[in-house]
Trainee: 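What follows is a structure written as structure tokens; I'll ask about it next.
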Amino acid sequence: MSDFNVVIPDVGEAQDVEVIEICVEIGQQVEIDDALLVIESDKASMEVPSPKAGKVKSIDVKLGDIIDTGDLVAVLEVEASEAEAAETTPPIDATDAVEAGVAERTTDEDESITQSTTADGHDERFEIRLPELGDVEDVEVIEVLVEVGEPVSSDQALIVLESDKATMEIPSTVEGVLESLEVAVGDKVTDHTLVAVIKVTTAHPEPAAIKQDTVATSTAPEATVDTNASTRVEVDQLPIRDEQAPDRASSVYAGPAVRRLARELGVDLSVVEGSGVRGRIVKDDVKLFVKTEMLKPALADTSTGIPDVEYPDFSRFGETEEVPLTRMQSRGAENLVRSWLNVVHVTQHDEADVTELEEFRVELNDQGQLGEQRLTALPFILKACASTLREHPRFNASISPTLKTLILKKYIHIGVAVDTPDGLIVPVIRDVLDKGLRDIAAELEALSSAAREKKLKPDQISGASFTVSSLGRIGGTGFTPIINAPEVAILGVARLATKPVWDGTSFEPRKILPLSLSYDHRAINGAEGGRFMESLVEKLGDVRRLIL
């Protein structure tokens with residue numbers, strides 16, 4: 001094996017040629033013509049290909065470097081015979097640029113613009129034709145940037161072409177109205193293909209000056225005048241597409257290799273966010289976009305199949321203010337809509353007499369059993385739910401997407417809704433059945449604090465098999481909590497109240513806790529819901545049952 005140095009070919013008079021993308025990694029095997037990096041001048045973005053097959057030993061440039069002719073790009077490990085042969089091979093120059101993938105255009109061939117005139121000397125129609133494209137094959141129209149009937153200005157891009165290695169724009173060199181467009185997206189074009197006809201309504205314009213700020217340049221022939229009442233304007237270069245133009249929604253800033261990858265994956269580059277220099281789209285951006293789209297929730301399209309709510313202009317009725325939702329609130333809203341539309345909700349209400357539980361809880365706090373920590377009723381409720389879920393496993397499950405099976409979970413992880421300034425979040429307490437009240441209380445306090453301080457880790461908000469939403473002392477005598485799909489049930493706990501209860505001889509004050517159980521009717525029927533609630537109420541009414 002021998003080392004082979006890859007250098008930048010002759011870039012002509014171009015200045016500030018910048019490295020905007022590196023396409024390979026050290027140790028990667030490359031073939032002849034594989035792109036090593038992408039460079040860009042004021043008007044051209046182009047790939048620098050590998051002239052030999054081999055392994056990348058080093059990359060001697062980095063993103064943002066300004067480079068020039070002869071600068072070392074990379075070192076390849078190639079077969080000794082290949083390296084020796086390369087020494088006798090003349091370096092790539094500007095005239096070979098397109099075929100090698102180094103420049104967007106090889107020669108300064110002529111773009112034909114035929115001008116017809118009226119008898120009084122006023123311009124009427126201009127035909128925009130392609131120049132000679134040299135040895136480049138399969139030049140395809142990939143974008144049409146104008147519509148028939150709209151005004152066009154001098155130097156305004158009409159269409160975008162792409163070969164295997166180059167992306168280029170075909171501009172109008174006159175100002176007028178587009179009378180006809182002779183090509184469409186997907187057309188394969190060749191030398192002198194008629195692109196468009198421009199109707200000019202003003203006096204004979206001077207042909208727009210064609211800029212020569214491309215990477216590969218050569219001496220262009222002077223403009224000549226034909227004698228048969230038509231003028232041929234010689235265009236020295238195909239200007240490379242100015243893909244950063246903010247006024248064209250259809251333009252994107254990406255090189256040929258990225259465009260080719262996007263076409264293969266069916267990605268619309270206009271919706272991809274670029275992470276490269278000056279917002280250029282690189283291959284990783286396309287791959288990340290595809291991955292993100294595949295992982296998007298099913299509710300990416302918020303259409304529900306039902307009529308949308310009509311919103312009037314509220315400012316007609318008085319002063320208004322529009323406040324953005326936090327990311328958590330917005331995501332939570334999407335999840336609730338998804339669950340409400342996909343789950344068949346049924347809510348069952350009941351009351352638990354927790355007088356003895358409250359007396360026991362107050363006694364533990366008075367004795368300082370948990371130190372400075374105050375024990376609330378929630379750890380008792382979580383422990384009672386875990387015990388009830390063990391007895392009624394259908395509530396600790398998920399219905400399969402086919403609706404033909406029920407996925408029973410052998411673990412009992414309970415999510416607890418926590419109110420934070422940014423919205424509700426549901427941290428998860430794992431293996432509740434195996435933990436005592438002291439451990440549940442401590443973990444619950446730690447998770448609630450982490451939620452409010454935005455310090456929860458991903459594994460602390462995932463994996464729940466059942467959820468409890470407690471309004472605590474906020475208020476209410478009951479509500480209908482929305483199931484946190486794909487779970488099949490959720491328990492809502494309202495405010496504890498003291499009520500008179502008849503014991504057979506008199507009314508006694510008792511601590512009553514309202515409970516609301518929502519469940520997925522596709523997986524659970526009403527009788528099962530009733531039995532679950534009955535078992536839960538019994539356990540909360542007699543805390544001794546929690547040790548069974």
Trainee: Regarding Ser535 and Lys539, is there a side-chain donor-to-acceptor distance under 3.5 Å anywhere?
Mentor: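 Ser535 vs Lys539: donor-acceptor pair found between side chains.
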Trainee: Given the rule in the side chain to side chain donor-acceptor pair (under 3.5 Å) test, do Ser400 and Thr405 qualify, once you have shown the distances and angles that lead to the verdict?
Mentor: CA-CA 6 Å; Ser400 69; Thr405 59; 3.0 Å; yes
Trainee: Looking at every non-hydrogen atom in both residues, tell me the closest pair between Glu21 and Lys283 and how far apart they are.
Mentor: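 Result for this residue pair: OE2-N, 3.7 Å.
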Trainee: Would one find more than 12 heavy atoms of other residues, nucleotides or ligands at under 6.0 Å from atom CD of Gln367?
Mentor: yes
Trainee: Classify the ring geometry of Phe360 against Phe380: parallel below 30°, tilted from 30° to 60°, perpendicular beyond 60°.
Mentor: perpendicular
Trainee: Using the salt bridge (Lys or Arg N to Asp or Glu O under 4.0 Å) rule, collect all pairs that involve residues 440-449, keeping only residues at least two apart or in two chains.
Mentor: Lys435-Glu443
Trainee: Report yes if the side chains of Asn335 and Asn484 come closer than 4.5 Å at any heavy-atom pair, otherwise no.
Mentor: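 Contact flag for Asn335/Asn484 side chains = no.
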Trainee: Going by atom types only, do Glu322 and Thr320 share a side-chain donor-acceptor pair under 3.5 Å?
Mentor: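 Checked: Glu322/Thr320 side chains show no N/O donor-acceptor pair below 3.5 Å.
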Trainee: Within the structure provided, determine whether Val488 and Tyr519 are in side-chain contact (heavy-atom separation under 4.5 Å).
Mentor: no
Trainee: When you check the gap from the basic side-chain N to the acidic O, do Lys511 and Asp353 get nearer than 4.0 Å?
Mentor: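 Asp353 and Lys511: not salt-bridged.
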Trainee: Do Asp285 and Glu273 have side chains that approach each other closer than 4.5 Å (heavy atoms only, starting at C-beta)?
Mentor: no
Trainee: Go through the side-chain N and O atoms of Asp422 and Thr420 and say whether any donor and acceptor fall under 3.5 Å apart.
Mentor: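 Short answer, no.
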Trainee: State, to 0.1 Å, how close Ala451 and Ile425 come at their nearest heavy-atom pair, and which atoms those are.
Mentor: CB-CG2, 3.5 Å
Trainee: Within the supplied structure, the quantity of interest is the number of heavy atoms (other residues, nucleotides, ligands) at a distance under 6.0 Å from Glu453 CD; does it exceed 12?
Mentor: yes
Trainee: What closest approach, in Å, do Pro393 and Leu408 show between heavy atoms, and which atom pair accounts for it?
Mentor: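 It is O-CD2, 3.7 Å.
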Trainee: Describe, in one word, how the ring planes of His345 and Trp340 are oriented to each other, choosing from parallel (under 30°), tilted (30 to 60°) and perpendicular (over 60°).
Mentor: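 Rings of His345 and Trp340: tilted, as their planes differ by 30° to 60°.
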Trainee: Please determine whether side chain to side chain donor-acceptor pair (under 3.5 Å) holds for the pair Ser465 and Lys409, giving the CA-CA distance in whole Å, both sets of side-chain angles, and the decisive distance to 0.1 Å.
Mentor: CA-CA 7 Å; Ser465 53; Lys409 300 162 188 175; 5.8 Å; no
Trainee: Measure the shortest side-chain to side-chain distance between Thr498 and Ile512 over non-hydrogen atoms and say whether it is less than 4.5 angstrom.
Mentor: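 No, every pair of side-chain atoms sits at 4.5 Å or beyond.
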Trainee: Taking the side chain as C-beta and beyond, is there a heavy-atom pair between Val38 and Cys23 under 4.5 Å?
Mentor: yes
Trainee: So which heavy atom on Gly149 is nearest to which on Val177, and how close?
Mentor: O-CG1, 3.6 Å
Trainee: Would you call Glu528 and Arg531 a salt bridge, using N to O less than 4.0 angstrom?
Mentor: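 Looking at Arg531 together with Glu528, the answer is no, because their closest N to O distance does not fall below 4.0 Å.
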Trainee: Any carboxylate oxygen within less than 4.0 angstrom of a Lys/Arg side-chain nitrogen, looking at Lys457 and Asp459?
Mentor: no
Trainee: Asp34 and Glu31: which non-hydrogen atoms are nearest, and at how many Å?
Mentor: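 So the minimum-distance heavy-atom pair works out to OD2-N, 2.9 Å.
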Trainee: Could you check Thr388 against Glu391 for side chain to side chain donor-acceptor pair (under 3.5 Å), going step by step and ending with a plain yes or no?
Mentor: CA-CA 5 Å; Thr388 308; Glu391 297 173 0; 5.3 Å; no
Trainee: So, do Leu491 and Thr467 sit near enough that their side-chain heavy atoms are less than 4.5 Å apart?
Mentor: no
Trainee: Minimum heavy-atom separation for Leu178 and Ala196, please, with both atom names.
Mentor: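 In this case the closest contact between Leu178 and Ala196 is CD1-CB, 3.6 Å.
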